[in-house]
Amino acid sequence: MLDIKFIRENTDAVRKAIKDKNVSCDLDALLKVDEDRRNNQMQADQYRSELKELSSQIGHYKNPKSKWFQAQLAEGRSEDDLRAEGETIQAQTGEIKQKIKDLEDAERDIGAQFHALMLTVPQVPSAKTPVGPDDSGNVEVRKWGEPRTFDFEPKDHVELGTALGIIDIERGVKLAGSRNYLLRGAGALMHQAILRLAMDTIVERGFEPVTVPVLVRDEMMEGTGYYPGGEEQAYRCERDDKSLVGTAEVSLTAMYGDEILEMDKLPIKLAAVSTCFRREAGAAGKDTHGLYRIHSFDKVEQVVLCRADDDESEQHHHAILANAEAVLQALELPYRLLQVCTGDMGQGKVEMYDIETWMPSRKSYGETHSASRFGDFQARRLNLRYKDTDTKKNVFCHTLNNTVIASPRILIPIIEQYQNADGSITVPKALRGYMGGMEKIANGE
RNA sequence: GGAGAGGUGGCCGAGUGGUUUAAGGCGACGGUCUUGAAAACCGUUGAGCAGCAAUGUUCCGGGGGUUCGAAUCCCUCCCUCUCCGCCA
């Protein structure tokens, strides 16, 4: 959500954002509703003011014990007179009351329209963000590491994992339908090891580890920008009006919603490991093979809440990218960093980078991380503020987030990059300490 | 799931229909005093919307209603606590 004043004063920038991000948002309708809303409120305020004035007068007339009433009696007026005068004033209120009621009905209606339209206005992308229609417009920023060249015919993670008994897709599908899986034995251990490596890394870098609810109120989905628009992607529990989160970002970012934080407590840096649930509606037939696109996975997520300062949040953006890169570098996985263009970045984002890790079976880099900076877009929706000790004003925070690691998707590059000619898998050095010293996953061992 | 008690500003807490202002305390901020601080004393101090401003208006868990007038009465939903039941 943007500031309506900002929208009024920067309609051209907002219009450009709507076009560049290719979102559907009727800005003219919003501006019209905004004007109606303000006119309506001014009128209603005026009538309410009048009614209040009359009511307080009636209060005087109806309360014989009041000083005012006693003073009137002392001036020689009779109680009956005063009572009758009160009745006369009371009779005048009917018309005003009706006008207020009409205006309040309109207020409710206009207010709902206004809110719905406000939710569709996109955040204005940073000047650095490339303009582009879709992921084809994303720009590579840098690369790290070299994809391995094999002196044998490499297999993909499904073939390797199934043969080693560490991935069991057939039974996962039996249990839960397509896009489900089991990790077993050393596979399950490696999954846990990765999450723990990521968590230890991020905690060492100053983030508070948090465990979070994964089934949250719909307003948290709206507050973080997933609703409206993303309902099809989420598992929603109708009976409880709650949704399963697709990322711990939702819980971590919304946890301070409706609060006014102290400025010197910022930045707040949080990390959580959680299961993430995604329906993958609209992705039918896409990435159906293996562990790439699945309905539930585990992810360590990092979130930063900071002051409303573009330079500061940009620095945090670089920092949370470095945090993720540190984990990939520890795992010695080649990756590249992309700056995501306007058409691919999502409604609420000011700036966004993806990290793609080399996946031999895809013969390409595949997305494993996504780092976003929102400005105050999420904070406005969440009513997440801090008190600026200099200006004494309450200000909306800036929010950012990035993946630290998501597994099992990251198992794809690990298994495939670390495979040996005999079908065994060398355990990356960084994970061995978390796997009881295991150096290799092989059949019959 | 059953029964009961509750939800009031950053925090605690008074307030059961009316002299247009949510008492009081704590905390925070400013001042006096002091070499400096503490203490004491004095003062300031909730959020949103509209408006250039003066100002107006809304908000006592959310929503709706009764009334000339609602923190206060009614309906409904949410949440917290206590006891019972069930339970990893």
Side-chain angles (χ1 to χ4, degrees), chain A residues 1-9 30-31 33-75 79 82-115 118 211 213 215-220 222-223 237-243 254-266 376 379-397:
Chain A
M1 180 134 31
L2 303 189
D3 184 356
I4 183 62
K5 285 178 197 154
F6 175 89
I7 296 173
R8 283 200 290 261
E9 289 161 13
L30 174 65
L31 294 171
V33 169
D34 175 46
E35 204 181 320
D36 291 349
R37 183 183 65 102
R38 285 185 289 161
N39 289 336
N40 196 82
Q41 184 181 335
M42 268 190 283
Q43 269 186 49
D45 279 0
Q46 199 181 327
Y47 284 125
R48 271 193 285 253
S49 181
E50 284 175 28
L51 181 63
K52 257 178 122 167
E53 172 60 30
L54 290 176
S55 290
S56 71
Q57 283 182 33
I58 295 166
H60 290 137
Y61 284 102
K62 295 235 167 163
N63 187 357
K65 278 175 280 186
S66 72
K67 281 181 191 160
W68 181 90
F69 200 96
Q70 293 299 323
Q72 294 295 308
L73 291 180
E75 280 178 26
E79 228 173 278
L82 291 167
R83 205 155 280 156
E85 217 169 298
E87 301 285 331
T88 309
I89 296 173
Q90 190 167 329
Q92 297 169 11
T93 61
E95 197 185 335
I96 295 178
K97 243 190 114 179
Q98 186 55 47
K99 280 180 180 161
I100 292 174
K101 195 164 164 39
D102 292 345
L103 286 164
E104 282 182 343
D105 286 345
E107 198 167 294
R108 212 165 308 170
D109 187 45
I110 295 169
Q113 284 179 47
F114 178 72
H115 183 71
M118 281 294 279
T211 72
L215 182 61
V216 301
R217 299 174 188 281
D218 287 339
E219 63 187 270
M220 307 312 159
E222 184 177 307
C237 301
E238 300 283 342
R239 282 193 298 185
D240 301 293
D241 292 332
K242 290 176 186 173
S243 298
M255 64 184 267
Y256 285 108
D258 275 327
E259 294 189 31
I260 300 170
L261 305 170
E262 290 171 42
M263 187 161 80
D264 59 14
K265 296 268 172 63
L266 299 176
D376 63 8
R380 278 181 187 280
R381 291 177 170 225
L382 290 165
N383 197 26
L384 165 57
R385 294 170 293 174
Y386 67 93
K387 186 166 286 290
D388 188 310
T389 46
D390 300 327
T391 64
K392 313 277 186 205
K393 295 273 188 195
N394 294 329
V395 187
F396 291 106
C397 296

Exercise for review: Go through the steps to decide whether A/K242 and A/D218 satisfy the test salt bridge (Lys or Arg N to Asp or Glu O under 4.0 Å), and finish with yes or no.
Suggested key: CA-CA 5 Å; A/K242 290 176 186 173; A/D218 287 339; over 6 Å; no
**Study point:** CD1-CD distance between A/I4 and A/E9, expressed to the nearest 0.5 angstrom
**Key:** 10.0 Å
Exercise for review: Could you tell me the separation between the CG atom of A/D36 and the C1' atom of B/A50, rounded to a whole number of Å?
Suggested key: 15 Å
Identify the pairs formed between an N or O of the protein and an N or O of nucleotides 53-55 of chain B at a distance under 3.5 Å, and give each distance.
none

Check your understanding: Rounded to the nearest 0.5 Å, what separation is found between the NZ atom of A/K5 and the CG atom of A/D34?
Key -> 11.0 Å
Check your understanding: If pairing requires Watson-Crick or G-U wobble contacts with both distances under 3.5 Å, which nucleotide is the partner of B/G56?
Key -> B/C49
Check your understanding: Is the OH atom of A/Y47 crowded by more than 12 outside heavy atoms at less than 6.0 Å?
Key -> no
Review point. Taking atom C1' in both B/G2 and B/G69, what distance in whole Å separates the two?
Key: 40 Å
Exercise for review: Between A/K52 and A/R8, just flag the one whose closest nucleotide in RNA chain B comes earlier from the 5' side.
Suggested key: A/R8
Review point. Expressed in whole Å, how much space separates the C1' atoms belonging to B/C87 and B/G13?
Key: 38 Å
Review point. Taking RNA chain B as the partner, which of residues 40-49 of chain A come within under 4.0 angstrom of it by heavy atom?
Key: A/Q41, A/M42, A/D45, A/R48, A/S49
Exercise for review: Rounded off to whole Å, could you give me the CD1-to-P distance for the A/I260 and B/U45 pair?
Suggested key: 17 Å
Point to revise | Rounded interatomic separation in angstrom, taking CD1 from A/I4 and P from B/C49 | key: 11 Å
Point to revise | Pairing nucleotide - B/A70, Watson-Crick or G-U, each distance under 3.5 Å | key: none
Review point. Mind checking whether A/R385 and A/N383 have side chains closer than 4.5 Å, heavy atoms only?
Key: yes
Check your understanding: Once you round it to whole Å, what is the distance between P of B/U58 and CD of A/E104?
Key -> 9 Å
Check your understanding: How many angstroms lie between CE in A/M42 and CZ in A/R37, if you round to the nearest 0.5 Å?
Key -> 10.5 Å
Check your understanding: What's the CG-P distance between A/D3 and B/G48, to the nearest Å?
Key -> 12 Å
Check your understanding: Counting any heavy atom closer than 4.0 Å, what does A/R380 reach on the DNA or RNA strands: base, sugar-phosphate only, or nothing?
Key -> nothing
Point to revise | CD (A/Q46) with more than 12 external heavy atoms under 6.0 Å | key: no
Review point. Now, which nucleotide makes the Watson-Crick or G-U wobble pair with B/G36, with each of the two distances under 3.5 Å?
Key: none
Review point. Which value, in whole Å, describes the distance between the C1' atoms of nucleotides B/U66 and B/C75?
Key: 10 Å
Exercise for review: Would you mind classifying the nucleic acid contact of A/Q92 as base, sugar-phosphate or nothing, using non-hydrogen atoms under 4.0 angstrom?
Suggested key: nothing
Study note, to complete from the structure: Once base and sugar-phosphate atoms are separated, protein heavy atoms under 4.0 Å mark nucleotides 61-78 of chain B, 5' to 3', with B, S and - as ---S---BS--------S
Exercise for review: For B/G64 and B/C78, measure between their C1' atoms and round to the nearest Å.
Suggested key: 15 Å
Review point. Can you tell if the side chain of A/V395 reaches within under 4.5 Å of the side chain of A/Y386, non-hydrogen atoms only?
Key: yes
Review point. Rounded to the Å, how far apart are A/N39 CG and B/C49 P?
Key: 18 Å
**Study point:** Base-pairing assignment for B/U44 (Watson-Crick or G-U wobble, both under 3.5 Å)
**Key:** B/A28
Check your understanding: With both distances under 3.5 Å as the test, what is the Watson-Crick or G-U wobble partner of B/C81?
Key -> B/G4
Check your understanding: Which whole-number value in Å describes the distance from A/E35 CD to B/G51 P?
Key -> 11 Å
Point to revise | Separation of atom NZ in A/K5 from atom C1' in B/G48, rounded to whole Å | key: 10 Å
